[in-house]
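Data first, discussion second: the structure below is written as structure tokens.
Letters go in sequence order (proteins before strands), and every chain restarts at 1.
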Amino acid sequence: MHPLLETTRRTKADPALGQPMNAAYDFTTGMWNGPNGALCDDPDHIPQSKKADMETGEDQKGQ
Amino acid sequence: MARSVDVLVLTSDLDFATDRVCRELARRGTRFLRLNRERLAASLLSFDPAEPRLVCRHGGEIWTVGPDLGAVWWRQGTFDRNVAGAGATVQEQLERSQWSAFMRSMMAFGGARWFNHPASVYRAETKAVQLTEAAKLGFDVPWTRMTNDPGADLPMTDGEPVAIKSLDTLLLKDGADQLFGYTSLMPWGEAAVPELAAAPLTVQQALLRKLDLRVTVVGDRLWCTAIRCEGSGIEGDWRLTSKDSLEIIDYELSREDADRCRAIVSRLGLAYGAIDLAVVDGRTWFIEINPTGEWGWLDTEARPIAAAIAEMLSC
């Protein structure tokens, strides 16, 4: 097997994993809002990024 | 009545860090329009490239982006890495290809200040270009080969570990799974297998007993943080350390290295850049720069990155 394939980390690619729960996106303000207000201030409701071993495309490379 | 737009924000649904930029833009009274690539079909968009002018209708309201547009915050992929696209329906392929081109068409707003311009991002995302420019600027750069040759002549001793990494972000889909490539440390002999010939990889001098640094550059402003675990540097790819165990602390970069960081951002035609450095025995090594790198995890009152981006866009 190619070394790059040998060393990749495999996770479930469930698209729902990257989506915020109990939150709505507001087109005009450009912000997600959850039960505790702005989602960007509420780490518990933001889907985890690859900084927590999961790739969400936060760095905009998952086109 | 149509709303005029000073700043165009082109990004995606899950770019939560850009939520903070939007909030900061609103605080400054800057008129902006955010378009997320996944939601474009939920708006009605019409673009006149000759003027240029973009009209966006959404929820009964109208936004107009004219030739006097001030700035663009571009948070789009410039390479198509969606190799799973082969499984997409004809409708999905149509939407993806045409909306992607529509977003790129915003480059017709040539009078606006772009952060960062897609053409610059395209070049700057190429690791070989980054390493070349970094070496020219006087950064210490680990020896590097991009090769598919198991017999490549490499400048290290037998059994010494090397860093193995992809040439470009490695994000693959395999059925219900996704595969993500991290940097791996191993003896070259373990990577130099016949299957290597199928595709090149990057083999690089392993930096052992290192301290990882992340430098975030926004215009002339710069923040440097060290990434540790239990008070020490992290061997290998720090992204594999659980988030709860990571310690993100401010780090005083030397003036010389700070100037080099600003210089490489500028030389690559960027205004924003996320730079990875590593300190080993007092020497600072350049690892890479990401022109669309994440920064939300570093944004605090002490490191007001979102506010700095909004300020840069609003000027």
Side-chain angles (χ1 to χ4, degrees), chain A, chain B residues 9 11-20 22-23 25-26 32 34 36-37 39 42-43 58-59 61 75-82 100 164 166 169-174 176-182 184 186 190-191 193 195-196 198-199 201 239-240 242-243 246 290 292-294 296-297:
Chain A
M1 184 182 286
H2 192 282
L4 290 178
L5 293 179
E6 189 86 50
T7 54
T8 53
R9 299 292 172 120
R10 183 178 288 264
T11 55
K12 286 293 169 197
D14 182 355
L17 285 175
Q19 295 296 322
M21 304 290 285
N22 302 319
Y25 178 74
D26 185 275
F27 183 89
T28 303
T29 62
M31 294 181 67
W32 285 90
N33 296 298
N36 301 320
L39 218 58
C40 59
D41 294 331
D42 187 10
D44 291 341
H45 282 82
I46 293 181
Q48 298 294 288
S49 76
K50 70 181 177 186
K51 296 296 177 287
D53 304 348
M54 197 178 93
E55 173 64 42
T56 65
E58 188 185 345
D59 63 1
Q60 308 306 307
K61 285 188 171 182
Q63 184 183 358
Chain B
V9 177
T11 184
S12 67
D13 252 2
L14 300 180
D15 185 10
F16 301 106
T18 287
D19 286 24
R20 297 184 185 187
C22 290
R23 179 167 57 191
L25 288 171
F32 68 93
R34 173 174 175 170
N36 296 343
R37 61 175 181 255
R39 292 176 184 263
S43 301
H58 184 99
E61 299 194 56
R75 293 273 294 165
Q76 298 281 312
T78 51
F79 296 150
D80 187 1
R81 295 178 170 89
N82 192 352
S100 176
I164 298 294
S166 52
T169 298
L170 190 62
L171 177 60
L172 310 174
K173 298 282 173 61
D174 182 18
D177 293 347
Q178 70 176 15
L179 291 77
F180 191 78
Y182 294 91
S184 300
M186 64 178 72
E190 290 182 18
V193 295
E195 291 89 343
L196 172 59
L201 52 64
R239 294 173 299 178
L240 291 168
S242 77
K243 195 174 185 178
L246 291 176
N290 188 342
T292 55
E294 302 171 27
W297 55 292

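Scanning both residues, A/G30 and B/D19, for their nearest heavy atoms gives O-OD1, 3.4 Å. The two residues B/R23 and A/A38 have their closest heavy-atom pair at NH1-CB, 3.9 Å.
Taking CG of A/D41 as the start and CZ of B/R20 as the end, the distance is 6.0 Å to the nearest 0.5 Å.
Interface residue B/D174: backbone and side-chain heavy atoms are both found under 4.5 Å from chain A. For B/A191, the parts lying under 4.5 angstrom from a heavy atom of chain A are both the backbone and the side chain. The parts of B/L196 that come within reach of chain A are both its backbone and its side chain, each placing non-hydrogen atoms under 4.5 angstrom from that chain. Residue contact with chain A, scored on non-hydrogen atoms closer than 4.5 Å, involves the side chain of B/S184 exclusively.
Annotation: side chain of B/C22 is not in contact with side chain of A/T29 (no heavy-atom distance under 4.5 Å). Two residues are said to be in side-chain contact when any heavy atoms from C-beta on lie closer than 4.5 Å; B/V193 and A/E6 fail this criterion.
In terms of the side chain to side chain contact (heavy atoms under 4.5 Å, CB included) criterion, residue partners of B/E61 (sequence neighbours excluded) are, by chain and number, A/T28, B/R3, B/W63.
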Handout entry: Check against side-chain contact (heavy atoms from CB on, under 4.5 Å), A/R10 and B/F180
Key = CA-CA 7 Å; A/R10 183 178 288 264; B/F180 191 78; over 6 Å; no
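Looking at A/T7, A/L4, A/T8 one by one, the single match for side chain to side chain contact (heavy atoms under 4.5 Å, CB included) with B/L179 turns out to be A/T8.
A/H2 contributes a side-chain N or O that, together with a main-chain N or O of B/A199, makes up a donor-acceptor pair within less than 3.5 Å. A donor-acceptor pair under 3.5 Å is absent between the side-chain atoms of B/R34 and the main chain of A/F27, judged by distance alone. A donor-acceptor pair under 3.5 Å links the side-chain atoms of A/W32 to the main chain of B/D13, judged by distance alone.
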